[in-house]
Amino acid sequence: MTAAQAAERLGVKPATLYAYVSRGVLSRGRAADGRASLFDAGEVERLALRGRPRRPAGAADIFVESQITEITADHLRYRGQDAIELAGSYPFEDVAGFLWTGELPAPRGASRPRGGRAAPPSAETWRAPEPALAAGRAAQAALPAGTLPLERFQVIVPALAATDPLRLELDPVAVMAAARVIVAGMVECLPALAAPPVVTPPPGESIAVRLWPRLCERRASPGLLRAVSAAFVLLADHELAASTLAARAAASVRADPYAVVATGLGAVGGALHGGSSLGAETLLASARGAADVPRVVAELLRRGEKIPGFGHYVYKAGDPRAVALLGMIRHAAPKSAQLAIADAVLAEVRQKSLPEPNIDFALATLARVAGMTRGAGEAIFAVARVAGWIAHALEAYTTAPIRPRAVYTGPSAQ
């Protein structure tokens, strides 16, 4: 049965049908074209005769059909392409374009992958005009010393928006152009930490190259710079994570791209989302060395706190993004004392049979090994995820508004 036939037989909306799939009530197959969903007629009929399943108390299901990202128990794919492989073969700018358009160039020295077509814009097109940069830099300069990069982004993006009189143009080409301005502006409006300050990078420098001196005083090593670039790709999208759902909902009511990104930035710093890497950075910084890790972990557990950067809602057996990024960090800086601390944390957690590390722990490890400023992990996360927020916005601009309903549980009318 098609999705429409199954929903009609059950007397439910398509979103409810997909909620049944997520909760294991129904199984779903794929049609020959790989897109359409098919349902077993017998299974649907048995459910129809049995009646609708009861929803567990406190559960909330929101389902949106999307062609952008697929997540399974052990894989992450962008438009059918393995995200881990993309991270090893493509720069962030190419993958962002792929998320937006479905077009992917062949990697250097390799044949074009399945589904790829023309190349997206190069890094040279990822630039913000001088008036936008001036506004963004002035806005973040007024913030107190010690303000985290993510908090600066939350001020920079509205300032960039104020300089763009065409921001309400929601044609795909205009939206993608605005997205490139937003990413470049977020990065180039941050104050530079490295000397000499980098104010206007020459054309062609990647977003990763431009961001590095704004997060780290040290000169970038090639290996760690590649790890930052890979992290951008691994974090570019993750289906309907909290910040993406918020951004997509904003886009569904036709908010402009700057407002969409600002909405995502408001949610991404949550301690259970992108902000988890900040907690993991603090954990790693608390240990004086690898031998001090058991004390640090024990104190966390004694206070009843969870160890930040471990476990995931979807990847129960381990986050493949974390495995890939940690591997790149080990290859780039095998003798790093900060890497030794991270490995000691991993050993201590595994000894206690706790969950495997997630991408936030890997980001925190990258930040500590590279000697980056506090909050660098969530800054990398936020810049990367703009690509996904815009990809979802492009889809949402063509659909009806997202308007969930609440189940009222308050007092009855008197």
> Looking at Asp164, is its backbone amide N or carbonyl O close enough to the side chain of Arg167 to form a donor-acceptor pair, meaning the two atoms are under 3.5 Å apart?
yes

> Could you tell me if His273 and Ser243 have a donor-acceptor pair between their side chains, going purely by distance under 3.5 Å?
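Their side chains do contain a donor-acceptor pair, which is all the 3.5 Å distance test asks for.
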
> Where does the angle between the aromatic ring planes of Phe39 and Tyr18 fall among parallel (under 30°), tilted (30 to 60°) and perpendicular (over 60°)?
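Judged by the thresholds at 30° and 60°, the geometry between Phe39 and Tyr18 is tilted.
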
> So do the side chains of Leu99 and Ile390 get within less than 4.5 Å of each other, counting heavy atoms only?
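The answer is no; the side chains never approach within 4.5 Å.
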
> Looking only at heavy atoms, which two atoms of Ala387 and Trp100 are closest? And how far apart?
O-NE1, 2.9 Å

> With rounding to the nearest 0.5 Å, note down the distance linking CG in Leu190 to CG in Leu211.
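With rounding to 0.5 Å, CG (Leu190) is 7.0 Å from CG (Leu211).
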
> Ser252 and Ala400: which non-hydrogen atoms are nearest, and at how many Å?
CB-O, 3.9 Å

> Should the heavy atoms of other residues, nucleotides or ligands under 6.0 Å from CZ of Arg30 be counted, would the total exceed 12?
yes

> Tell me whether Arg330 is salt-bridged to Asp343, with the criterion being a basic N under 4.0 Å from an acidic carboxylate O.
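Looking at Asp343 together with Arg330, the answer is yes, because their closest N to O distance falls below 4.0 Å.
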
> For Gly97, is there any backbone N or O sitting under 3.5 Å from a side-chain donor or acceptor partner on Thr101?
yes

> Can you check whether Leu278's main-chain N or O pairs, donor with acceptor, with Thr282's side chain at less than 3.5 Å?
yes

> Salt bridge or not between Arg79 and Glu70? Use side-chain N to carboxylate O under 4.0 Å.
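No, no charged N to carboxylate O under 4.0 Å.
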
> Is there a donor-acceptor contact under 3.5 Å linking the side chains of Tyr315 and Asn358?
no

> Within a strict 4.5 Å, meaning less than it, do heavy atoms of the Tyr90 and Val233 side chains meet?
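Sidechains of Val233 and Tyr90: no contact.
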
> Start with the C-alpha gap between Leu10 and Tyr20, add the side-chain angles, then the distance that decides, and say whether side chain to side chain contact (heavy atoms under 4.5 Å, CB included) holds.
CA-CA 11 Å; Leu10 295 171; Tyr20 291 168; 4.2 Å; yes

> Would you confirm whether Ser89, through its side chain, and Leu86, through its main-chain N or O, come within 3.5 Å as a donor-acceptor pair?
no

> Using modelled atom types and a 3.5 Å cut-off, is there a donor and acceptor pairing between side-chain atoms of Glu85 and backbone atoms of Asp82?
no

> Kindly determine whether Glu356 and Lys316 satisfy salt bridge (charged side-chain N to carboxylate O under 4.0 Å, His left out), including the steps that lead there.
CA-CA 8 Å; Glu356 288 294 305; Lys316 302 302 182 185; over 6 Å; no

> Find the distance between CG (Leu366) and CD1 (Ile329) and round it off to the nearest 0.5 Å.
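Answer rounded to 0.5 Å: 4.5 Å.
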
> Distance from Leu326 atom CG to Leu346 atom CG, nearest 0.5 Å?
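Output value for this atom pair is 6.5 Å.
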
> Check the pair Phe153 / Val261 against side chain to side chain contact (heavy atoms under 4.5 Å, CB included), numbers first and verdict last.
CA-CA 10 Å; Phe153 290 156; Val261 171; over 6 Å; no

> Within this structure, what is the CD1-NZ distance for the pair Ile307 and Lys352, rounded to the nearest 0.5 Å?
7.5 Å

> Does a donor on one side chain sit under 3.5 Å from an acceptor on the other, for Glu395 and Ser66?
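Yes, side-chain donor-acceptor contact under 3.5 Å.
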
> What I want to check is whether the side chains of Thr244 and Glu239 have a donor and an acceptor closer together than 3.5 Å.
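The criterion, which ignores hydrogens and geometry beyond distance, is not satisfied for Glu239 and Thr244.
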
> What pair of heavy atoms forms the shortest contact from Asp237 to Gly388, and how long is it?
OD1-CA, 3.5 Å

> Checking the side chain of Ser206 only, and the main-chain atoms of Val209 only, is there a donor and an acceptor separated by less than 3.5 Å?
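Present.
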
> Does atom CZ (Arg374) have a neighbourhood of more than 12 heavy atoms from anything else shown, all under 6.0 Å?
no

> Quick one: are Leu150 and Phe381 in side-chain contact, heavy atoms under 4.5 Å?
no

> Dump the intermediate steps for side chain to side chain contact (heavy atoms under 4.5 Å, CB included) on Leu170 and Arg254, then the final yes or no.
CA-CA 8 Å; Leu170 303 184; Arg254 308 307 185 257; 3.9 Å; yes

> Does Ser276 reach the main-chain N or O of Leu272 with its side chain, forming a donor-acceptor pair under 3.5 Å?
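Checked: no pair found.
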
> Using a strict threshold of under 4.0 Å (side-chain N to carboxylate O), is an ion pair present between Arg180 and Glu93?
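Arg180 and Glu93: not salt-bridged.
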
> Do Thr72 and Arg77 have side chains that get closer than 4.5 Å, going by heavy atoms?
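Yes, close enough: below the 4.5 Å cut-off.
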
> Checking Phe361 against Phe310 for the ring pair (Phe, Tyr, Trp, His ring centres under 6.0 Å) test, could you report, in this order, the C-alpha distance in whole Å, the side-chain angles of both residues, the deciding distance, and whether it holds?
CA-CA 7 Å; Phe361 182 80; Phe310 288 83; 4.8 Å; yes

> Do NZ/NE/NH1/NH2 and the carboxylate oxygens of Arg9 and Glu45 come within less than 4.0 Å?
yes

> Given side chains that start at C-beta, do those of Val323 and Pro320 come closer than 4.5 Å, heavy atoms only?
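Sidechains of Pro320 and Val323: no contact.
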
> When you measure from the side chain of Ser229 to the backbone N and O of Ala208, does any donor-acceptor pair fall under 3.5 Å?
no

> Report yes if the side chains of Leu76 and Ile84 come closer than 4.5 Å at any heavy-atom pair, otherwise no.
no

> Please report the shortest heavy-atom distance between Gly185 and Leu133, naming the atom on each side.
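Here Gly185 and Leu133 meet closest at CA-CD2, 4.0 Å.
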
> Would you say CD of Glu8 has more than 12 non-hydrogen atoms from neighbouring residues, nucleotides or ligands within 6.0 angstrom?
no

> Less than 4.5 Å apart, any side-chain heavy atom of Pro149 and any of Met372?
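With C-beta onward as the side chain, the pair stays apart.
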
> Are any of the side-chain heavy atoms of Glu188 and Arg210 separated by less than 4.5 Å?
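Side-chain contact under 4.5 Å: yes.
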
> Treating Thr69 as the side-chain partner and His238 as the backbone partner, does any N or O pair qualify as donor plus acceptor under 3.5 Å?
no

> What residue among Leu339, Leu284, Ile341 forms side-chain contact (heavy atoms from CB on, under 4.5 Å) with Val369?
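Answer after filtering Leu339, Leu284, Ile341: Leu339.
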
> Before you tell me yes or no, could you show the steps for Leu143 and Arg152 under side chain to side chain contact (heavy atoms under 4.5 Å, CB included), namely the whole-Å CA-CA distance, both residues' side-chain angles and the distance that decides it to 0.1 Å?
CA-CA 8 Å; Leu143 298 173; Arg152 294 184 185 276; 3.9 Å; yes

> Under a 3.5 Å distance rule, please check whether Glu169 uses its side chain to pair with a backbone N or O of Val175 as donor and acceptor.
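Side chain of Glu169 to backbone of Val175: no pair is present.
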
